[in-house]
Number of protein chains: 2
Amino acid sequence: MGTPLPRDPIGDAQRNWERHGWGDVAAPMAAITAIMRTQQILLARIEGALKPFGLTFARYELLALLSFARSGALPMNKASALLQVHPTSVTNAVDRLEKAGLVVRSPHPTDGRTTLIELTTEGRTIAKRATAVLNTEVFSRSGFADSEVDQLIRILGNFRRQAGDFSG
Amino acid sequence: MGTPLPRDPIGDAQRNWERHGWGDVAAPMAAITAIMRTQQILLARIEGALKPFGLTFARYELLALLSFARSGALPMNKASALLQVHPTSVTNAVDRLEKAGLVVRSPHPTDGRTTLIELTTEGRTIAKRATAVLNTEVFSRSGFADSEVDQLIRILGNFRRQAGDFSG
DNA sequence: TTCAAACCCTTGGATGTCCTAGTATATTGC
DNA sequence: GCAATATACTAGGACATCCAAGGGTTTGAA
């Protein structure tokens, strides 16, 4: 995975699709494959930036979410819904963040089924520092032009709405 | 993860970024987060379509790659390079595909270090059928307009080239 | 009021990805 | 020709994601 390939493998795949009679879906296939690959590249950059903090992207996302909650606490099911991941993924992330002392679980005051995730002081500090690094090292140098960012937000926003992510 | 949220969580995150003094990178952050989420949605659809074949996307990609190789065989390192995944991921996929009887490992005729992955007859059949299902059930109904597909291919192609995926 | 249905979180299992060795084979350079 | 370096694959481990199931808590309908 070091040296650039001489040719774009996704472009090749698209041509193969066309050559085998799937010309009508070759372009969407290529676009979707490109999304998969782009996600992989971006995730690697993000995880690299977070590594010094002992954080993964999944854990960082949870920390960031909590840091924006007024009280610094959220029910696990709410975190699961907002992060759009399976509840067990939140359980997993909270286990590790709790072990690292960045969050604590506490019982919900009125609903015995619910567990609140609460940011610790250190958790809030780490969240702030990690955000700064992520912003300066990854998001500010994404490689996307401003107009491309706008297009991505628009196109993927429509897609996510269609997919049932949100109704707004 | 069933009911749509009343508001777009990524839009909310973008506003939170702006509110906390990161307005200059809020948009790229939102675009990148949207890519992550879109990948997650698409992957779920793809895996759903492949499930009846006992395939995952990773295994399917390898099968498809082999099916486009003239001889129906490729060295593992070449597959790793073309799929842009770590060699151990290919080892993993080949293990399972071999167990399922869809590919076989064979020694490289001249290089003792290299292992060739070869499509079996059944592997070729499954690849063809899975491709048809994927094309008709996922790629042909991606939810992206034609113009959006073009923009995605262009924007993400530039990005991948910048990231060092290919030099073409 | 009571009890079934709904909801919340966790455990256990299957997969995928990456990284870090470790073994075997090729290539290179002296 | 032989030793040092480079390549190719695999084993083992850390994490993340999802699904299926189980146990506790609430809700709501009879």
Side-chain angles (χ1 to χ4, degrees), chain A residues 1-3 36-37 39-48 50-51 53-63 74-100 103-117, chain B residues 1-3 36-37 39-48 50-51 53-63 74-100 103-117:
Chain A
M1 297 202 310
T3 324
M36 309 299 243
R37 174 56 185 156
Q39 186 267 354
Q40 186 183 26
I41 294 168
L42 290 169
L43 182 60
R45 289 187 189 172
I46 291 171
E47 302 255 313
L50 292 175
K51 200 172 201 69
F53 299 99
L55 290 176
T56 61
F57 188 42
R59 294 177 219 167
Y60 167 76
E61 280 194 294
L62 184 50
L63 278 192
L74 276 179
M76 296 195 59
N77 64 333
K78 190 130 192 179
S80 169
L82 292 173
L83 297 176
Q84 319 215 238
V85 295
H86 199 277
T88 53
S89 296
V90 176
T91 295
N92 185 325
V94 171
D95 283 348
R96 298 169 195 281
L97 287 171
E98 193 167 33
K99 199 164 296 181
V103 306
V104 290
R105 282 179 166 91
S106 61
H108 189 286
T110 65
D111 189 333
R113 296 169 299 183
T114 299
T115 299
L116 291 176
I117 324 165
Chain B
M1 296 209 305
T3 326
M36 309 300 244
R37 174 56 185 155
Q39 186 267 352
Q40 188 183 24
I41 294 168
L42 290 169
L43 182 59
R45 290 187 189 172
I46 291 172
E47 303 255 312
L50 292 175
K51 200 172 202 69
F53 299 99
L55 290 175
T56 61
F57 188 42
R59 294 177 218 168
Y60 168 76
E61 279 193 296
L62 184 50
L63 278 193
L74 275 179
M76 295 194 58
N77 64 335
K78 192 130 193 182
S80 169
L82 292 173
L83 296 176
Q84 318 213 241
V85 297
H86 200 277
T88 52
S89 296
V90 176
T91 295
N92 185 328
V94 172
D95 283 349
R96 298 170 194 282
L97 286 171
E98 193 167 33
K99 199 164 295 180
V103 306
V104 290
R105 281 179 167 91
S106 61
H108 189 286
T110 66
D111 189 333
R113 297 168 299 183
T114 300
T115 299
L116 292 176
I117 325 164

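Note that the structure is predicted; figures quoted are calculated from it, not measured. The sequence lines fix the lettering, A, B, ..., with proteins before strands; numbering per chain opens at 1.
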Rounded interatomic separation in angstrom, taking CD from A:Glu47 and P from D:dA14: 16 Å

Sugar-phosphate, base or nothing in reach of A:Thr115, heavy atoms under 4.0 Å: sugar-phosphate

DNA chain D: 5'-proximal contact among A:Val90 and B:Asp95 (nearest heavy atom): B:Asp95

Sugar-phosphate, base or nothing in reach of A:Asn92, heavy atoms under 4.0 Å: base

Residue among A:Val104, A:Thr115, A:Ile117 satisfying side-chain contact (heavy atoms from CB on, under 4.5 Å) with A:Val94: A:Ile117

Under the side chain to side chain donor-acceptor pair (under 3.5 Å) test, residues paired with B:Ser106 that sit two or more places apart: B:Glu118

Among D:dT17, C:dC18, D:dA8, the one nearest B:Asn77 by side-chain distance: D:dA8

Touch class at under 4.0 angstrom, heavy-atom based, for A:Thr91 against every strand present: base

Counterpart residues, salt bridge (Lys or Arg N to Asp or Glu O under 4.0 Å), relative to A:Arg105 (two or more places apart): A:Asp95, A:Glu98

Degree of bending in the helix from C:dT1-D:dA30 to C:dC30-D:dG1 once both end axes are built from five pairs, to 10°: 10°

Closest non-hydrogen atom pair between A:Leu50 and A:Tyr60, with its separation: CD1-CB, 3.6 Å

For A:Arg96, side chain to side chain donor-acceptor pair (under 3.5 Å) partners two or more places apart: A:Asn92

A:Gln40, nearest nucleotide to its side chain (from D:dC9, C:dC9, C:dC18): C:dC18

Separation of C:dC18 P from A:Gln39 CD (nearest whole Å): 11 Å

Interatomic distance where CG belongs to A:Leu43 and P belongs to D:dC15 [whole Å]: 15 Å

Pairing residues for B:Pro75 by the side chain to side chain contact (heavy atoms under 4.5 Å, CB included) criterion, not counting sequence neighbours: B:Asn77, B:Lys78, B:Thr114, B:Leu116

Touch class at under 4.0 angstrom, heavy-atom based, for A:Thr56 against every strand present: sugar-phosphate

DNA chain C-proximal residues of residues 105-114 of chain B, any heavy atom under 4.0 Å: B:Thr110, B:Asp111, B:Gly112, B:Arg113

Distance test, side-chain N/O of B:Thr88 to OP1/OP2 of D:dC9, below 4.0 Å: no

